[in-house]
Number of protein chains: 2
Amino acid sequence: MESVWKAVADDSRREILMLLRKRKMTPSEMTEHFHFTAPALSSHLRILKSADLVTEEKLGKNRYYSLNEKKSLEIVNFFEKMWGYNLNSLKEYVENKERKKGT
Amino acid sequence: MESVWKAVADDSRREILMLLRKRKMTPSEMTEHFHFTAPALSSHLRILKSADLVTEEKLGKNRYYSLNEKKSLEIVNFFEKMWGYNLNSLKEYVENKERKKGT
DNA sequence: CAAACAATTAAATAATTGTTTAATTATTGT
DNA sequence: ACAATAATTAAACAATTATTTAATTGTTTG
């Protein structure tokens, strides 16, 4: 199991995640959007899969990749813990802090 | 300016961030909590500083490092964009999705 | 000013990560 | 069975990142 942090640290992999946001997709389709080669893409997908950020679905000779929304919470939770605040209110918290500085 | 993603991808650096959560701290104090050497710590702090995740404050011969809360939002925002949901409701969204699967 | 301390920078090396080309596996349609 | 297509794995190489030891900078205190 690969670290979810290492997985999202790479620019290309975040692009892939953003691309998958709209719909599940095969590697062939993805390569049309990127500059890198099929094996490079495959390598990135393996890392994302191993980090449990995407799931794979075999359909005939195609493989569809889709986002695993649940996993993103692991990262969000880190920030929750880090700030000791419920994320529900994190944004407001920061914004209020900024507003205080301003006055 | 270093990428905030690269900065948080490293285990040691996330430990440092978690440590700074409670209060500002000097590198000397931090080394008591870690296994790595002072130069290694210094290198990590430079990266965190360059990513704007921590701020530095010189006081005599000591340097105090503290968290820059605002910056974490950059990462949180990525996930907002990624899911196309407001983070306020992300957790509920995922939980509901899970509940549906269960039924 | 000299000794002691805090922290950083420099230089070298070790380890990890990413990309490429070439070869391989698996699946479908004729 | 054979050709075509989708995707992966393998092997080699390039590039980046992390860690160490040693040397250096800046600051306080006797």
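Naming: A, B, ... by sequence-line order, numbering from 1 per chain. Quick caveat: nothing in here was measured; it's all calculated off a predicted structure.
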Pick out the pairs of N or O atoms, protein on one side and nucleotides 13-20 of chain D on the other, that lie under 3.5 Å.
residue : atom : partner  : partner atom : Å
dT17(D) : OP1  : Lys6(B)  : NZ           : 3.4
dA18(D) : OP1  : Asp10(B) : OD1          : 3.4
dA18(D) : OP1  : Arg13(B) : NH2          : 3.1
dT19(D) : OP2  : His44(B) : NE2          : 2.7
dT20(D) : OP2  : Thr37(B) : OG1          : 3.4

Tell me: [atom1] of [X] to [atom2] of [N], nearest whole Å?
| X | N | atom1 | atom2 | answer |
| --- | --- | --- | --- | --- |
| Arg63(B) | dT25(D) | CZ | C1' | 9 Å |
| Leu59(B) | dG26(D) | CG | P | 18 Å |
| Asp11(A) | dG18(C) | CG | P | 10 Å |
| Arg46(A) | dT9(D) | CZ | P | 6 Å |
| Lys58(B) | dG26(D) | NZ | C1' | 6 Å |
| Lys61(A) | dT27(C) | NZ | P | 12 Å |
| Glu56(B) | dG26(D) | CD | C1' | 13 Å |
| Asn62(A) | dA4(D) | CG | P | 19 Å |

>> By nearest heavy atom, map Gly60(A) and Tyr64(B) onto DNA chain C; which one lands nearer the 5' end?
In response: Tyr64(B)
Please list, one pair per line, the donor and acceptor atoms closer than 3.5 Å that link side chains of residues 36-46 of chain B to other protein atoms, with sequence neighbours excluded.
residue  : atom : partner  : partner atom : Å
His44(B) : ND1  : Arg13(B) : NH1          : 3.1

> Ile47(B) and Lys6(B): side-chain contact (heavy atoms from CB on, under 4.5 Å), yes or no, with the steps?
Replying inline: CA-CA 9 Å; Ile47(B) 289 165; Lys6(B) 289 267 165 60; over 6 Å; no
>> Quick check on dT8(D): is either OP1 or OP2 less than 4.0 Å from any side-chain nitrogen or oxygen of Tyr65(A)?
In response: yes
> Linking I/L/V/M/F/W/Y whenever any side-chain heavy atoms sit under 4.5 Å apart, do Phe34(A) and Tyr64(A) land together?
Replying inline: no
> With no hydrogens and no angle check, is any side-chain donor or acceptor of Arg63(A) less than 3.5 Å from a backbone partner on Thr26(A)?
Replying inline: no
> Among all residues two or more places apart in sequence or in another chain, which pass the side-chain contact (heavy atoms from CB on, under 4.5 Å) test with Lys49(B)?
Replying inline: Val54(B), Glu56(B), Tyr65(B)
>> Which heavy atom of His33(A) sits nearest to which heavy atom of Glu29(A), and what is that distance?
In response: ND1-O, 3.3 Å
